[in-house]
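The block underneath contains the structure these notes are about, expressed in structure tokens.
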Amino acid sequence: MRRYLVAGNWKLNKGPAEGAALAREISELLQGRKLKGDVLVCPPYVTIPAVAAVAQGDPVLTGAQNCADQDQGAYTGEVSPAMLSEAGARYVIIGHSERREYQRETDELFVRKINLVHQAGLKAIFCYGEKLEQRQAGQAQAVVKAQLEGVLPQLESADAYNTVLAYEPVWAIGTGETATPAQAQEIHAFSRQVVADLLGAKVAEYMRILYGGSCKPGNARELIGLPDVDGGLIGGAALKAADFVGIIDGAEAAAG
Ligand code: 13P
């Protein structure tokens with residue numbers, strides 16, 4: 001019912017030359033395969049055009065990791081969603097825990113960014129997830145609910161077509177520690193219920209909710225095979241073509 005999405009978040013890795021080479025390697029490994037889902041790579045801004053030249057769908061798409069919260073004007077250093085679209089991006093990651101932490105980004109900013117992403121005809125991947133101490137205090141569901149409630153109902157338009165969610169427990173990002181299948185399924189099912197309450201049952205039924213946090217070839221099939229997990233947002237393992245494609249193989253196997 002929901003097509004999986006396997007998305008690579010390259011973070012601060014790969015300039016144009018290395019990025020184009022990695023995208024080409026991934027495309028070649030997937031050459032001629034008819035996939036049951038969607039594949040996306042999100043390089044740094046400057047690498048987007050080089051990657052988009054080799055990843056314009058069929059099957060690898062190109063995305064961005066961030067965008068401005070303004071269309072244009074005197075905002076030094078910023079890049080608008082419309083510019084990203086022109087450069088070849090089709091998705092934009094918003095709300096990643098690293099931006100919440102290091103750039104102090106807030107719900108209000110996420111709302112402005114996602115609205116512009118949608119206005120530019122792009123899809124948003126909205127990230128959320130609790131920190132270790134919040135989970136240990138038994139607050140994982142409350143934190144996740146607040147993060148979704150702080151953004152989704154404020155959006156001008158949010159539907160299962162233009163918005164993807166990515167649950168990324170902060171304690172699992174880059175740590176090698178992965179949420180257990182039970183932990184992931186619990187929060188994903190809970191998230192879907194929150195989406196149903198905020199945006200309606202139909203949207204919740206079709207909205208894709210990705211898992212992120214130390215996802216790798218060895219655990220992808222089990223995680224992505226969970227009833228409410230619709231793909232992965234991949235950090236470290238997205239930087240090696242064989243590992244990234246191994247995760248896509250896991251998603252394919254999970255899709256039956
Ligand atoms: P890792 O896969 O390296 O844990 O990173 C996950 C992530 O932050 C994807 O956005």
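Keep in mind that what you see is a predicted model, and the values were worked out from it rather than measured. All ligand and atom numbering here is 1-based and tracks the order in the structure. Hydrogens, waters and symmetry mates are skipped; everything else that's a heavy atom, side chains included, is used.
- Considering backbone and side-chain N/O of Thr175, none are found under 3.5 Å from N/O of ligand 1.
- Between Arg100 and Lys131 there is no side-chain heavy-atom pair separated by less than 4.5 Å.
- Leu61 shares a hydrophobic cluster with Leu5, Leu40, Tyr91, Ile93, Ile125, Val164, Leu210, Leu233; the chain of contacts runs through ILVMFWY side chains whose heavy atoms sit under 4.5 Å apart.
- Taking every non-hydrogen atom of Gly213 and a distance limit under 4.0 Å, the qualifying atoms of ligand 1 come out as 4 (O), 6 (C).
- A side-chain contact (heavy atoms from CB on, under 4.5 Å) with Gln119 holds for exactly one of Val117, Asn115, Leu122; it is Asn115.
- Not a single heavy atom of Lys216 sits under 4.0 Å from any atom of ligand 1.
- For Tyr167, the ring pair (Phe, Tyr, Trp, His ring centres under 6.0 Å) partners at least two apart in sequence or on another chain are Tyr128, His188.
- Heavy-atom proximity to Gly236, at under 4.0 Å, picks out these atoms of ligand 1: 1 (P), 2 (O), 3 (O).
- Distance check: Ile173 CD1 to Glu168 CD gives 4.5 Å after rounding to the nearest 0.5 Å.
- Nearest heavy-atom pair, Ala140 versus Arg135, reported as atom, atom and distance to 0.1 Å: CB-NH2, 4.0 Å.
- Of all the atoms in ligand 1, the ones that sit under 4.0 Å from a non-hydrogen atom of Gly174 are 1 (P), 3 (O), 4 (O).
- For ligand 1 and Ala172, the ligand atoms under 4.0 Å from any heavy atom of the residue are 4 (O).
- Hydrophobic clustering of Ile, Leu, Val, Met, Phe, Trp and Tyr side chains at less than 4.5 Å, counting indirect connections, keeps Leu22 apart from Val54.
- Of the protein's heavy atoms, Gly235 N, 2.9 Å lies nearest to atom 2 (O) of ligand 1.
- Residue contacts with ligand 1 include Ser214, since one of its heavy atoms falls under 4.0 Å from the ligand.
- Contacts of Asn9 with ligand 1, taken as heavy-atom pairs under 4.0 Å, involve the side chain alone.
- Looking at atom 7 (C) of ligand 1, its nearest protein heavy atom turns out to be Glu168 OE2, 3.2 Å.
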Go through it in stages, so that I can follow the logic: the residues are Trp10 and Val41, the test is side chain to side chain contact (heavy atoms under 4.5 Å, CB included), and I'd like the CA-CA distance, side-chain angles, deciding distance and then a yes or no.
CA-CA 7 Å; Trp10 291 3; Val41 294; 3.8 Å; yes
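- For ligand 1, the polar-atom distance check against His96 finds a nitrogen or oxygen pair separated by under 3.5 Å.
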